[in-house]
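A short write-up of the structure that comes next.
As a basis for the values below, the full set of heavy atoms in this structure was taken, side chains included, without hydrogen atoms, waters or symmetry mates.
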Amino acid sequence: MTQHLRFTGVWCPSITPMDREGQIDYDGLKQHLTRLTDARIDVILLMGSIGEFASFSLEERLTLIRKARAMSPLTMVANVSSTCLSDVFLMAQTAYSSGYDAVMVLPPYYYGQTENQVLSYFREIGHRLDGKWFAYNFPARTGCDITPEIAATLAAEFPHFAGIKDTVDCQSHTRNMIHATKAVRADFAVLSGYDEYFIPNLMAGGAGVISGLNNVMPELFVQAREAWQEGDLTALTHAQREIGRFMAIYAIGDDFVTTIKTVVSRKFGYCAPVSRNAGGTLNAEQLATVDRQFGIR
């Protein structure tokens with residue numbers, strides 16, 4: 001399988017199920033990853049933003065990396081982002097030795113970064129990582145942007161730099177990322193970090209989407225993928241409208257991670273509606289809204 005095909009299509013940034021005390025529920029994670037596998041998505045991303053990586057200790061993250069790989073035969077990528085660079089490399093090595101297909105890394109956050117600093121940081125990442133790696137661009141959270149020019153420069157320098165998750169609520173930013181990187185690497189995967197940009201991403205020449213909604217309804221995105229492959233415009237239009245309708249999940253409650261976990265809990269039963277983010281528990285009115293929106297009875 002070529003690198004491009006391995007990392008193309010429907011990605012799910014998996015939730016990390018927890019018990020009522022907020023401890024990682026590995027049985028729940030196994031059930032969740034099995035459901036995603038059965039839905040025929042393409043890639044599982046472990047410990048993305050929805051996976052709550054920033055709320056875990058280093059030891060929890062290392063244990064999660066080791067245990068989760070055996071839970072699905074799908075292509076898997078581990079987010080190893082940290083403000084401590086030695087932790088990044090330790091988690092990355094653990095992921096590679098555990099059988100992950102790639103790792104994903106945010107730029108430094110908290111301290112503001114110039115473009116030169118972002119480029120220097122990822123050059124060090126590229127020189128020191130042994131396997132495939134992705135950059136994670138989320139300027140709203142990191143305070144800095146991995147520009148299309150930076151991504152293209154890195155793609156030309158590092159063959160193991162497999163792609164980027166572009167979580168920018170502006171399709172033209174991702175389109176420019178696609179064009180800039182395709183000019184230097186035909187196999188470079190540009191993925192949208194916003195659910196509703198999946199089909200626009202494919203139309204612009206991108207590789208797919210990393211979508212939180214896939215925790216709830218991966219079948220919808222798989223249908224969209226197949227409609228794209230078959231050139232079925234009617235099915236694509238329907239999928240785009242449905243994805244847009246279900247984007248309401250991100251506006252219910254104060255914390256979308258807790259909301260997504262609540263929907264999974266109420267719809268599938270194997271996950272407590274618990275995250276480590278404060279104040280996200282849904283009230284009775286919000287629970288009624290998610291039940292109505294997602295057909296929960």
Sidechain N-carboxylate O distance under 4.0 Å for [X], [Y]:
X      : Y      : result
Arg61  : Asp87  : no
Arg69  : Asp101 : yes
Glu230 : Arg225 : no

Next item on the list: Could you tell me whether a side-chain N or O of Ser211 sits under 3.5 Å from a main-chain N or O of Asp195, the two making a donor and an acceptor?
Entry: no

Next item on the list: Output yes when a side-chain donor or acceptor of Asn176 lies under 3.5 Å from a complementary backbone atom of Ser172, and no otherwise.
Entry: yes

Checklist line | Arg141 to Tyr109 six-membered ring, cation-pi geometry met (6.0 Å, 45°) | finding: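 No; the conditions do not both hold, so Arg141 does not lie above the ring face of Tyr109.
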
Next item on the list: Quick one: do Arg185 and Glu157 satisfy salt bridge (Lys or Arg N to Asp or Glu O under 4.0 Å)? Show the steps, please.
Entry: CA-CA 10 Å; Arg185 284 261 305 281; Glu157 292 180 11; over 6 Å; no

[X] versus [Y], closest heavy-atom pair with distance:
X      : Y      : value
Leu45  : Gly48  : CD2-CA, 4.2 Å
Ile15  : Cys271 : CD1-SG, 3.9 Å
Ile164 : Ala151 : CD1-CB, 4.5 Å
Tyr26  : Glu60  : OH-O, 4.3 Å

Item checked: Identified side-chain contact (heavy atoms from CB on, under 4.5 Å) counterpart of Ile146 within the set Val168, Leu119, Val118 ->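 Single side-chain contact (heavy atoms from CB on, under 4.5 Å) partner of Ile146 among Val168, Leu119, Val118: Val118.
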
Notebook entry, point to check: Testing Asn215, Thr16, Thr37 for side-chain contact (heavy atoms from CB on, under 4.5 Å) with His32, which one passes?
Noted result: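 Considering Asn215, Thr16, Thr37, a side-chain contact (heavy atoms from CB on, under 4.5 Å) with His32 is found only for Asn215.
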
Next item on the list: Would you check if Glu124 and Arg128 make a side-chain contact, meaning some heavy-atom pair closer than 4.5 Å?
Entry: yes

Margin query: I'd like to know whether His127 forms a ring pair (Phe, Tyr, Trp, His ring centres under 6.0 Å) with Phe158, so could you lay out the CA-CA distance, the side-chain angles of the two residues, the decisive distance to 0.1 Å, and finally the verdict.
Written below: CA-CA 8 Å; His127 283 302; Phe158 299 103; 5.0 Å; yes

Next item on the list: Check step by step if salt bridge (Lys or Arg N to Asp or Glu O under 4.0 Å) holds for Glu196 and Arg241.
Entry: CA-CA 9 Å; Glu196 61 191 322; Arg241 290 174 178 171; over 6 Å; no

Checklist line | Check against ring pair (Phe, Tyr, Trp, His ring centres under 6.0 Å), Phe134 and Phe161 | finding: CA-CA 6 Å; Phe134 282 78; Phe161 180 28; 7.8 Å; no

Item checked: Sequence neighbours excluded - ring-ring contact (aromatic ring centres under 6.0 Å, His included) pairs with any residue from residues 44-63 -> none

Item checked: Euclidean distance, His160 NE2 relative to Ile125 CD1, rounded to 0.5 Å -> 14.0 Å

